[in-house]
Amino acid sequence: MTAQSARRVGGSELADKGADGAQVGEILGLSSSRAVRRLLGSNRRPLENLARELV
């Protein structure tokens, strides 16, 4: 496992638990929102899955 993949996994876990991009960036030491978006990529869960969990 590389440091980059560990950051990606950690960031995805935080985002899945409800942290927004600013919080993920602060914890991972990323200063720009663009870097956070690149790190998380398309690993975000679809809204349909989130809604299903809420109901």
Side-chain angles (χ1 to χ4, degrees):
M1 176 177 271
T2 65
Q4 184 68 14
S5 63
R7 288 176 106 185
R8 184 170 285 120
V9 169
S12 294
E13 290 284 326
L14 291 169
D16 288 346
K17 292 183 181 196
D20 66 7
Q23 292 169 327
V24 172
E26 184 176 345
I27 290 170
L28 296 179
L30 301 172
S31 58
S32 73
S33 59
R34 183 177 178 187
V36 174
R37 284 193 308 269
R38 270 188 310 202
L39 180 72
L40 296 178
S42 62
N43 293 336
R44 303 295 291 198
R45 295 187 311 183
L47 183 58
E48 180 181 344
N49 292 350
L50 291 172
R52 198 175 306 145
E53 288 181 11
L54 291 173
V55 176

Output the distance between atom CG (D16) and atom CD (E53), rounded to the nearest 0.5 Å. 8.5 Å
Rounded to the nearest 0.5 Å, how far apart are NZ of K17 and OG of S12? 12.0 Å
Mind checking side-chain contact (heavy atoms from CB on, under 4.5 Å) for L28 and listing every partner two or more places apart, or none if nothing turns up? R7, V24, L30, L39
With sequence neighbours left out, the residues meeting side-chain hydrogen bond (donor to acceptor under 3.5 Å, both in side chains) with S32 are none
Checking S31 now: which residues fulfil side-chain hydrogen bond (donor to acceptor under 3.5 Å, both in side chains) with it, not counting sequence neighbours? none
Using a cut-off of 6.0 Å, state whether more than 12 heavy atoms not belonging to Q23 lie near its atom CD. yes
G25 versus V36, closest heavy-atom pair with distance: CA-CG2, 3.5 Å
